[in-house]
Chemist: 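Pasting in a structure now, in structure tokens, and then I'll have a few things to ask.
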Amino acid sequence: MGHSIEQLWQHRDHGLLDDRHTRLAEAHRDLVQAETTVTFYRSQLASLSSGEYPVDQALVARIGRTLGMLKEAARDRDQRQADTIAALESIEAVTCGQPRSVPDLSAPDTAALLAIAQGAKLHQHLLTGRLSLVTASGARIPYSQLQRLEADHLVARDTAHPVIAGQPVTVTDTGRAALTSSRPATTPTPRPGTWPAAAPSRGRR
């Protein structure tokens, strides 16, 4: 996968995964929860059979109930494991032997995609005709930067909505792949209404 489990879950929670990877993250999270349930009932069964309690009908009944719940939890865990394997195999079938070309992202583009992933709309001013991309956090992304992200197929606009009313902009699968493959450990989050400036050119002194 190229990610740790923690990274995969974080990308899922931030909406940075495509459908296949999202299904895998959710299936694995369900598997972890199911395994935790198995461990709980197994520990409870071990406690009941440790010799700490007097052997009587009540204890036998408790052991029987706990064993039944352990069997049910194990069946659920096995199903969750099968779901996780199926989700992983669907990704391997697509990506095996077909490495994707993922563009390298600058720090401003990384910050822009992360903000757009949380929701963004392109608006046009009625009087000036000026276009501006506003994210859910209130930050504004320059239109020139949006055009560059579109040219690299990292974001897409929903043209079914008019720009005057607000045109939704979303991160594409290519954009998500670029984020999850090249996202730095820590990315500064811009304050509402501000945006990180692009790196200065080194060409001329």
Chemist: Nearest 0.5 Å please: distance from the CD1 atom of I141 over to the CD1 atom of I116.
Modeler: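 CD1 of I116 is found 4.0 Å from CD1 of I141.
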Chemist: Would you say the side-chain atoms of S90 pair up with the backbone N or O of A87, donor to acceptor, closer than 3.5 Å?
Modeler: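 Judged by distance alone, yes, a pair lies under 3.5 Å.
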Chemist: Is there a donor-acceptor contact under 3.5 Å from the side chain of D56 to the main chain of A58?
Modeler: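 Flag set: sc D56 to bb A58 pair under 3.5 Å.
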Chemist: Do the side chain of T66 and the main chain of L45 share a donor and acceptor less than 3.5 angstrom apart?
Modeler: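 No, the answer is negative, given that no donor and acceptor are paired below the 3.5 Å cut-off.
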Chemist: With rounding to the nearest 0.5 Å, note down the distance linking NE2 in H11 to CG in L179.
Modeler: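 Here the interatomic distance stands at 8.0 Å.
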Chemist: Are the charged groups of R29 and D13 less than 4.0 angstrom apart, N to O?
Modeler: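 Looking at D13 together with R29, the answer is yes, because their closest N to O distance falls below 4.0 Å.
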Chemist: Could you tell me whether the side chain of T39 reaches within less than 4.5 Å of the side chain of E35, counting heavy atoms only?
Modeler: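 When only atoms from C-beta onward are counted, T39 and E35 do touch, with a gap below 4.5 Å.
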Chemist: Check whether Q118 reaches the backbone of H14 with its side chain - one donor and one acceptor, N or O, closer than 3.5 Å.
Modeler: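 The answer is yes, because a donor-acceptor pair under 3.5 Å joins these two groups.
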Chemist: Any side-chain to backbone donor/acceptor pair from S50 onto S47? Under 3.5 Å, distance only.
Modeler: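 Yes, because the side chain of S50 sits within donor-acceptor range (under 3.5 Å) of the backbone of S47.
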Chemist: Distance only, no hydrogens: is a donor on one side chain within 3.5 Å (strictly under) of an acceptor on the other, for R140 and S132?
Modeler: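 Result is yes, a qualifying pair exists.
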Chemist: Has the side chain of T84 got a donor or acceptor atom that lies under 3.5 Å from a matching backbone atom of R80?
Modeler: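 Judged by distance alone, yes, a pair lies under 3.5 Å.
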Chemist: Distance check, rounded to the nearest 0.5 Å: H28 atom NE2 versus I85 atom CD1?
Modeler: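 It is 11.0 Å, given to the nearest 0.5 Å.
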Chemist: So which heavy atom on R148 is nearest to which on D109, and how close?
Modeler: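 Heavy atoms of R148 and D109 come nearest at NH2-OD1, 2.8 Å.
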Chemist: Please confirm whether the backbone N or O of A115 pairs with a side-chain atom of T135, one donor and one acceptor, at under 3.5 Å?
Modeler: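 Answer holds: no.
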Chemist: Compare all side-chain heavy atoms of R77 with those of L31 and state whether any distance is below 4.5 angstrom.
Modeler: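 Yes; the side chains approach each other to less than 4.5 Å.
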Chemist: Y53 ring centre to R62 NZ or CZ under 6.0 Å, with the angle to the axis within 45°?
Modeler: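 Positive - R62 is close enough to the ring of Y53 and near enough to its axis.
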Chemist: Just so I know, are the side chains of K121 and V169 near enough to count as touching, which here means a heavy-atom distance under 4.5 Å?
Modeler: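 When only atoms from C-beta onward are counted, V169 and K121 do not touch, as no gap falls below 4.5 Å.
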Chemist: Could you tell me the separation between the CZ atom of R12 and the NE2 atom of H21, rounded to the nearest 0.5 Å?
Modeler: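 Answer for the CZ-NE2 pair, R12 versus H21, is 14.0 Å.
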Chemist: Carefully, step by step, assess D78 and R75 under the rule salt bridge (charged side-chain N to carboxylate O under 4.0 Å, His left out).
Modeler: CA-CA 5 Å; D78 292 345; R75 282 195 294 268; over 6 Å; no
Chemist: For a side chain to side chain contact (heavy atoms under 4.5 Å, CB included) check, start with the C-alpha distance between D76 and T37, then their side-chain angles and the critical distance, and finish with the verdict.
Modeler: CA-CA 9 Å; D76 182 62; T37 303; over 6 Å; no
